[in-house]
Amino acid sequence: MQTGDNAPMPQRIGVPREVYPGEKRVATVPDAVAKLVKLGFAVVVEQGAGELADLSDEAFVQAGATIAPNAAALWSGSDIVFKVRAPTSDEVALMHEGQTLIGFLWPAQNPDLMQQLAAKKVTALSIDALPRTLSRAQKMDALTSMAGVSGYRAVVEAANAFGRFFNGQITAAGKVPPAKVFIAGAGVAGLAAIGAAASLGAIVRANDTRAEVADQVVSLGGEFVKVDYEEEGSGGGGYAKVMSEGFQAAQREMYAKQAQECDIIITTALIPGKPAPKLITAEMVQSMKPGSVIVDMAAEQGGNCELTEPGKAVVKHGVTIVGYTDLASRMARQSSTLYGTNLFRLTEELCKTKDGVINVNMQDDAIRGLTVIKDGEITWPAPPLAAAPKPAAKPLVAVEKKSAHGHGSSGPMPAKTLAIVFGLGALAFWAIGAHAPAAFLGHFTVFVLACFIGYMVVWNVTPALHTPLMSVTNAISSIIVIGALVQILPPEAGTNGRPDALIQWMAFGGIVLTAINMFGGFAVTRRMLDMFRK
């Protein structure tokens, strides 16, 4: 569509009400609407679209959106449609040629939907197909946003079904042990669950096929349980791969042991384009203590537990098995806010000219990965991303030669050079002492020793440790302040017991400079400590 001066007309973004049963989320929020309007777009929201997420139509209007009375009016009048769930057949029937659809489409699991959209000659961007290995794609990564919410909510559901304290309690009525929680899979959802369970005081254990996440588990307060079998489990793109039969046997043995010991199991294991792997067998469920809980976050893809019933919470063998498929939707307002922000960031990438018109640039790796249908042609799957070039090898020989001559090395001074420096220093000290007054010699000795201590304490410290050692330098600075105060008013110096004006001003300058270092050091140290506070 063109205006009279050949400039493209701003496109309309439509946000329909989700029709999937039990879905409470909405694809954008008023805050994101205001930002989309600033990009030049017109935003239309279906009446009542945000009602289940506690977002009123009035709030959308105040942010700059208009309200469509029904779905037919919204779909027919929109150039771009933001959705959460994949569209139904009825919604696809409302689409028109040239329209752009953005949402969770899951092309691998929905081949029929792909054919229906292609027949409509639309462009479809599946937010779940985003190449997650691209660092600049993180701001658009809705899978991570939703997984974080789901992981937190899984712990809330587990606590609701458990019927006991998560943290240990010692009361007059007796001692209550802390709950033991085992989390299978330490991706984004698993890590969110680990953090939530640990903050409630539970003893948290976790396992993942990717060994590199062990440090992340520990940093969140959990214990990483390793499978007694060596095999790399990273499948690329931030996902795990299908493991060998030998690894799976060792993993089942470990899970069986954890099932007997733990009160709560939360499973998060998914493999792209494949059914969820079965990790918890019926025998493991039978071995769990009565009153235990399993939260199966992979229920929508078949579940990690053999006894999971998707969409339901059931009790089998005395164990509550929670198979809800709408964990993120159970925190609809929070999920909608995060998802709306992800779609806004994606729109920024699609509309870099800020004129209200998107450009699906197939040369952009992130956009190419997202685009599953372009103008009616199925473009999924995207070609694999080119591997990043390896950095050029450093000339090790040249470095070694420089180090051999004492240049370009950050290590300690060679012994021969150090002996020469100390010898020359001793000769200079003897020459000064032979001709200087006795009072000067005492002050000079203190000065030399201070320089030596400063060199050994500060200069020889690895630069990477300078900030953590700021408190030590603060203490040294305090000593400098004391020395400067003594120089300002020593009882024996100058006329009438006062030092010369030059000495006073030099001491005052030393106090000012040292005070800057002290307070700056304390400020930096405090900021570092705040990073580790919750």
Side-chain angles (χ1 to χ4, degrees), residues 150-151 154-155 157-158 161-162 178-194 196-198 202-214 216-218 220 222-235 239-271 274-310 313-323:
S150 298
V155 175
E157 296 294 341
F162 184 46
K180 294 181 180 178
V181 179
F182 177 71
I183 296 173
V188 176
L191 292 174
I194 292 168
I203 297 173
V204 184
R205 303 168 184 170
N207 168 261
D208 197 282
T209 57
R210 298 160 294 182
E212 64 267 20
V213 304
Q216 300 176 40
V217 171
V218 174
L220 289 170
E223 174 193 351
F224 188 78
V225 182
K226 194 174 184 298
V227 177
D228 189 18
Y229 193 97
E230 294 297 330
E231 183 177 349
E232 173 55 41
S234 178
Y239 296 97
K241 69 175 184 180
V242 178
M243 307 300 288
S244 68
E245 183 55 40
F247 182 92
Q248 293 181 34
Q251 187 182 53
R252 284 193 293 269
E253 183 179 346
M254 182 269 290
Y255 282 158
K257 181 179 178 182
Q258 295 301 322
Q260 294 173 4
E261 296 179 1
C262 293
D263 304 297
I264 297 170
I265 295 177
I266 299 175
T267 64
T268 70
L270 285 172
I271 298 172
K274 296 180 181 294
K278 299 300 180 185
L279 305 178
I280 308 299
T281 63
E283 290 76 14
M284 294 180 193
V285 176
Q286 286 181 309
S287 70
M288 296 181 73
K289 292 172 282 190
S292 297
V293 177
I294 296 174
V295 180
D296 193 340
M297 293 184 63
E300 193 166 4
Q301 302 301 327
N304 297 136
C305 176
E306 286 184 349
L307 302 181
T308 295
E309 295 186 19
V314 296
V315 178
K316 297 184 179 181
H317 306 296
V319 177
T320 301
I321 304 173
V322 179

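Just so you know, residue 1 is the first one in the sequence shown, and it goes up from there.
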Could you measure the distance from the [atom1] atom of [X] to the [atom2] atom of [Y]? Nearest 0.5 Å is fine.
X    : Y    : atom1 : atom2 : result
I265 : Q258 : CD1   : CD    : 8.0 Å
D228 : F247 : CG    : CZ    : 10.5 Å
I321 : I280 : CD1   : CD1   : 10.0 Å
Q216 : F224 : CD    : CZ    : 10.0 Å

>> Tell me if the CD atom of E253 is crowded by more than 12 foreign heavy atoms within 6.0 Å.
In response: no
>> How about NZ on K226, more than 12 heavy atoms from neighbouring residues, nucleotides or ligands closer than 6.0 Å, or not?
In response: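 For K226, atom NZ is crowded (more than 12 foreign heavy atoms under 6.0 Å).
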> Would Q251 and L279 satisfy side-chain contact (heavy atoms from CB on, under 4.5 Å), going step by step from the backbone distance to the final call?
Replying inline: CA-CA 8 Å; Q251 187 182 53; L279 305 178; 3.8 Å; yes
Heavy-atom pair with the smallest gap, counting every atom of [X] and [Y]:
X    : Y    : result
A179 : D263 : CA-OD2, 3.5 Å
A298 : A269 : CB-O, 3.6 Å
P277 : N304 : O-ND2, 2.8 Å
F182 : C262 : CB-SG, 3.7 Å
T268 : A186 : OG1-N, 4.5 Å
V285 : I294 : CG2-CD1, 3.8 Å

For [Y], is there any backbone N or O sitting under 3.5 Å from a side-chain donor or acceptor partner on [X]?
X    : Y    : result
D296 : C305 : yes
T320 : V315 : no
N207 : V225 : yes
D208 : G185 : no
K278 : G303 : yes

>> Evaluate T267 against V295 for side-chain contact (heavy atoms from CB on, under 4.5 Å), listing each step before the verdict.
In response: CA-CA 6 Å; T267 64; V295 180; over 6 Å; no
Do [X] and [Y] touch side chain to side chain, with heavy atoms closer than 4.5 Å?
X    : Y    : value
P310 : E300 : no
M288 : Q260 : no
M284 : Y255 : yes
V204 : I183 : yes
I266 : M297 : yes
L191 : V217 : yes
V181 : I203 : no

>> Less than 4.0 angstrom from a charged side-chain N to a carboxylate O is my criterion; do R252 and E283 meet it?
In response: no
> Should H317 and L307 be marked as a side-chain contact (heavy atoms from CB on, under 4.5 Å) after you check the CA-CA gap, both sets of side-chain angles, and the distance that decides it?
Replying inline: CA-CA 10 Å; H317 306 296; L307 302 181; 3.9 Å; yes
> Should K316 and E306 be marked as a salt bridge (charged side-chain N to carboxylate O under 4.0 Å, His left out) after you check the CA-CA gap, both sets of side-chain angles, and the distance that decides it?
Replying inline: CA-CA 11 Å; K316 297 184 179 181; E306 286 184 349; over 6 Å; no
